[in-house]
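Written out below as structure tokens is the structure these notes cover.
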Amino acid sequence: MNFQAIEKKWQKRWEKAKVFEVKEGKGKKYYVLEMFPYPSSVGLHMGHAFNYTLADILARFKRMQGFNVLYPIGYDSLGLPAENAAVKAKQHPKKYTEKAINNFIKQQKELGLSYDWSRLLMSHDPNYFKWDQWIFLKMFEKGLAYRKKAPVNWCPKCNTVLANEQVIQGKCWRHEKTDVELKHLEQWFFRTTKYAKELYEGIDKLKWPEDIKIMQKNWIGKSFGIEIDFEINGKKWPIFTTRPDTIYGVTFMVISAQHLKLMELVTERQKKNVEKFLKKVRSTSEKDQEVEKEGVFTGSYAINPINGEKIPVWVGNFVLVDYGSGMVMAVPGHDQRDFEFAKKYKIEIREVVKGGNIRKEAFIDIGTLVNSDKFNGMNSKKAIGEISKYLEKKKLGKRTVNYKLRDWLISRQRYWGTPIPIIYCDKCGIVPDKNLPVKLPEKVRFGKGNPLENAKEWINVKCPKCKGKARRETDTMDTFVNSSWYFLRYCDPKNNKEIFNKKKVKYWMPIDFYTGGREHATGHLIYFRFYTKFFRDLGLVNIDEPVVKLFNQGMLHGADGKVMSKSRGNVVLPEEVSKTYGIDTARLFLVSLASPDKDIEWSKTGIEGSSRFIKKVYDCFDKIKPKKDDKRIESKLNNAIKEITEDLENIRYNLAVIKLRTLFDSFGKEVSKKTLESFLKLLCPFCPHIAEELWHKVGNKSFISKEKWPSVDEKKIDKKFEQQEQAVEKLKQDINNVKRILNIAKPKVYVYVLPKELEFLRDSKNELLVSCGAESIEIFAVNDKKKFDPENKSKKAKLGKPAIYLT
RNA sequence: GCGGGAGUGCUGGAGCGGUCAAACAGGCAGGACUUAAGAUCCUGUGGGUUAGUCCCUACGCAGGUUCGAAUCCUGUCUCCCGCACCA
């Protein structure tokens, strides 16, 4: 059979008849979505095919179940990789990207994915990013987009700053060998921290994989504590601590070496020392493991608010600048880091919680307070509360909750991104540019730094307010901005009056099933929740969370056992597989290997198994002449429908495939047309092209993709047939066993059964003959007087266990 | 260091308190069909034993809970992943 012709044929017909295009309003909706793909110019390999197939199967299944299924596609086409690749290929990123997209579309169509192509989105389209800019201005208006000078992560390879989420173990997310540097720059931020509490608390309600939920919790990192004001040089400096019970043990303070206001604390005498130290800190890479804790005295002293004690303030390399207030109270007796620091610089280590040996190491557990004035003898746990209360009463501190989550740095010093719609005017300052879209200038020079900085005509504009001289912001937005709301635009992709129609979004949202990789746990999957909450507060959506069910698919590994990727050189291309086996076979194989959430390995021999099955199915429809069902088939079919439906519902495709195979194997020569059709429907989500082809072959004119999913008739499921089958199976084994013991190559077999079992065993006579390699088989009822039974074996027969005699 | 997940046949993997551990697929071996190969079909694939029986050994290792555990608990080893000086 010619797979490729069949595939092409149906792909064309689907497209022509707009089979997968949907409109809102017709019945119950179901929204299936894959994470916004970045259109790499390298194209798709089998790993991608695996991802898309998983969602496509569900979309097709839900569609047949009668849901109004929204299953759209688009491309996250702005971003650094495209710009870099384009520069390398000496092509404009736009041209380069669009070529890549066209290639992607072609390949995805060849996979038989049932997208509604009419909703196609591309984030580099000004009609799309116009709304990114619109959102930015809304955020600006609400104080959620702001500009500040801050210590930021800089990747020297990318030549741009990065968000915290894009720094992995001190390295750039795109360059695993490049250390991220710290710089102080004026940058644009989104105030994600405004929703920190809600983002954190909402996690529990999500039907997401547990590990993702835990990762998000750790990332947002909630901790309860108290902010205590320490007075330094007459000014109040707040610090955050979760252990106020150890406040009597504070023997010094440490401020981060990156702190913006550090120099305010440095005295004239200490200036040289501190500057020398800062130089050293900057030259050693920030996050290398096990950096020794070091610091220098600033010359200033702080007053411990609880007892008025004067304590030295140091500057140190181990204090994070962007957590809490960038300064800590050091309790060397009860914090391991402070302990190491104090040991090194011979600062007093004071015991205030009894329980450990603070000469050897810091005692960080809870215990009983000592050397703590009126709180002596109190348990740490109680003391945390009591001391907090005391400080609050005296207006020296305030209990707070602190989050690790930081505001999202969205500025990028690159060309291929959404321009930030801001104009700087000497007179009016920061002015929003409401004349959207702010497009990218086409003619720019690539190579050195941010190309936009040299686009003079584009930069120099009139101030929208005073019409005076002004200049554009040259930073563009992080690509994760574009992917934070695309799922809403799919609901109304062509709207040019507003970002989207509220009613349409209300109908389609939330996303019912979202697939993608685990790597987005603390990036995209937080950003898009943040956006959703912001839109809700704007009154644009009526939901709190964008996704009901998140599914993380496993990774496809190559034959070498490593994750399939172009750079590793272990890719298998869908085109190639398609040529030999057909894409339906590949789809089937990918999901039958293992549970879809697990990593799987591509194997050449493995796909043969799926191929054999597909061929068998195809051949069967070539030959079979439908007749009537017997009760056994009816039972089998209904049971299969029931179980396959459940398995699809729970994304246990591997198990569904097994049941599909078992069902097919149970077809004898007597199968009704209706049963065959039901089988095809069950097959359709996995192998849509072949299902369509055979659907027509048996005489239908409609699209099976649009047919109704078969329903279960529970009454027809009869466990009796299963038991009978098992009995036959056992009998088979028994005969073979005896045959082997007696060492007869082609025995004559005599079977003796109880009279009521005679009928179904007779039906299995041929099957037994083949599988036992017997010369002949005769089946007698035990009470048959004419039976051949020279050794009188028939009296051994029991219910469900016939007696046998071989010769 | 903290957190999460996983260890089942020759392999990928099902099973996640109980009627049978290994469904399904792949591999390998034997057989049938062929002049032959391929395709296809059948059988076997821990050990012992037997005319189809039964026994033993087996779900990383060691304990425990239970009438009963691959499945629950504790400890331990190995592997994978995430976070990592968060005060």
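Just so it is clear: chains get the letters A, B, ... in the order the sequence lines come, proteins before strands, and each one is counted from 1.
- Annotation: cation-pi geometry not satisfied between A:K236 and A:F230 (NZ/CZ under 6.0 angstrom from ring centroid, within 45° of ring axis).
- Within 4.0 Å of A:Y805, counting heavy atoms only, lies at least one base atom of the nucleic acid.
- Here A:V328 lies in heavy-atom contact (under 4.0 Å) with a base.
- The OG atom of A:S603 lies 14.0 Å from the NE2 atom of A:H557; values are rounded to the nearest 0.5 Å.
- If you check every strand for non-hydrogen atoms under 4.0 Å, A:A521 touches nothing.
- At a threshold of 4.0 Å, the pair A:K343-A:E340 does not count as salt-bridged, since none of the basic side-chain nitrogens sits closer than that to a carboxylate oxygen.
- Nucleotide B:C41 holds its C1' atom 10 Å from the NZ atom of A:K616, rounded to whole Å.
- Atom pair A:E791:CD and B:A51:P shows a separation of 12 Å (rounding to whole Å applied).
- Annotation: B:C61 and B:U45 have their C1' atoms spaced 27 Å apart (nearest Å).
- Distance, A:Y323 OH to B:C85 C1': 13 Å, rounded to whole Å.
- Of the side-chain N and O atoms in A:R612, one or more sit less than 4.0 angstrom from OP1 or OP2 of B:U40.
- Exactly one residue among A:W602, A:F50, A:Y653 makes a ring-ring contact (aromatic ring centres under 6.0 Å, His included) with A:F589. That residue is A:W602.
- Rounded to an integer number of Å, the gap from A:E340 CD to B:G1 P is 15 Å.
- Within the cation-pi definition used here (under 6.0 Å to the ring centroid, within 45° of the axis), A:R661 qualifies as a partner of A:F613.
- A:R337 contributes no side-chain N or O that forms a donor-acceptor pair with the base of B:C86 under 3.5 Å.
- Nucleotide B:C67 is matched to B:G18 when pairs are restricted to Watson-Crick or G-U wobble geometry with both distances under 3.5 angstrom.
- We find that CD of A:E608 is positioned 9 Å from P of B:G26, with the value rounded to whole Å.
- If you check distances only, the side chain of A:K293 does reach the base of B:C85 with a donor-acceptor pair under 3.5 Å.
- Under 4.0 angstrom from either OP1 or OP2 of B:A14 there lies at least one side-chain N or O belonging to A:K598.
- Using a 4.0 Å cut-off, some side-chain N or O of A:K801 falls inside it from OP1 or OP2 of B:U53.
- Rounding to whole angstrom units, CD of residue A:E643 and C1' of B:A23 are separated by 12 Å.
- Of the side-chain N and O atoms in A:S595, none sit less than 4.0 angstrom from OP1 or OP2 of B:G13.
- A:Q733 has its CD atom 19 Å from the P atom of B:A51, to the nearest Å.
- Whole-Å rounding puts the A:N218 CG to B:C81 C1' distance at 13 Å.
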